[in-house]
Amino acid sequence: MVRVPRFVAPVTPNDIRLFTLLASVPAGRVVTYGQLAEMIGAPRRARWVGQILKQLPQDSSLPWHRVINAQGRISLSMLEGGRRQAERLRAEGVVVSAEGRISLRLYRWMP
DNA sequence: ACATTGACGCCCA
DNA sequence: GTGGGCGCCAATG
């Protein structure tokens with residue numbers, strides 16, 4: 001009998017699809033929460049995507065910073081996490097305004 | 001089982 | 001461009 005520690009969160013097939021897709025988003029491009037949800041066959045689950053990203057460990061190799069909202073804004077507070085996200089994007093050549101605005105027209109990734 | 005809570009999205013004033 | 005309101009849906013209390 002295999003005993004699984006309670007603190008290990010269960011990983012669903014959708015989680016795998018999300019991680020795989022996110023990992024394929026190229027540097028210098030962005031995607032929206034709703035877009036990711038839609039692309040893995042889970043429409044109307046944008047909030048869920050945000051939930052998953054929120055739970056990622058700090059040392060995750062996934063490009064969580066390439067995910068923004070459909071309004072073309074960074075969803076995290078620009079006083080905290082949003083600042084880090086903006087820096088990471090700028091490091092890839094993405095232009096991010098001080099308020100966290102990004103041009104979806106220029107940077108949205110569409111496979 | 002019921003109420004709240006969001007890294008959301010869309011519509012309208 | 002800016003809020004405000006509402007629908008959505010899984011997680012959390």
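Below, chain A is the first sequence line, B the second, and so on; all start at residue 1.
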Closest approach of A:V49 and A:Y33, non-hydrogen atoms and distance? CG2-O, 3.8 Å
Heavy atoms, side chains only, cut-off 4.5 Å: are [X] and [Y] in contact?
X      : Y     : result
A:L36  : A:W48 : no
A:R83  : A:S77 : no
A:P63  : A:L22 : yes
A:I102 : A:V95 : no

Once you apply a heavy-atom cut-off of 4.0 Å, does A:R101 come out as touching a base, just sugar-phosphate, or nothing? sugar-phosphate
Any carboxylate oxygen within less than 4.0 angstrom of a Lys/Arg side-chain nitrogen, looking at A:R29 and A:E92? no
Does a salt bridge link A:R84 with A:E87, judged by any charged N lying under 4.0 Å from a carboxylate O? no
Can you tell me if A:R66 and A:Q85 form a side-chain donor-acceptor pair at under 3.5 Å? no
Just by protein heavy atoms under 4.0 Å, how would nucleotides 5-13 of chain B read 5' to 3' in B, S and -? -BBBSS---
Under a 4.0 Å heavy-atom criterion, DNA chain C is touched by chain A from C:dG1 to C:dT12
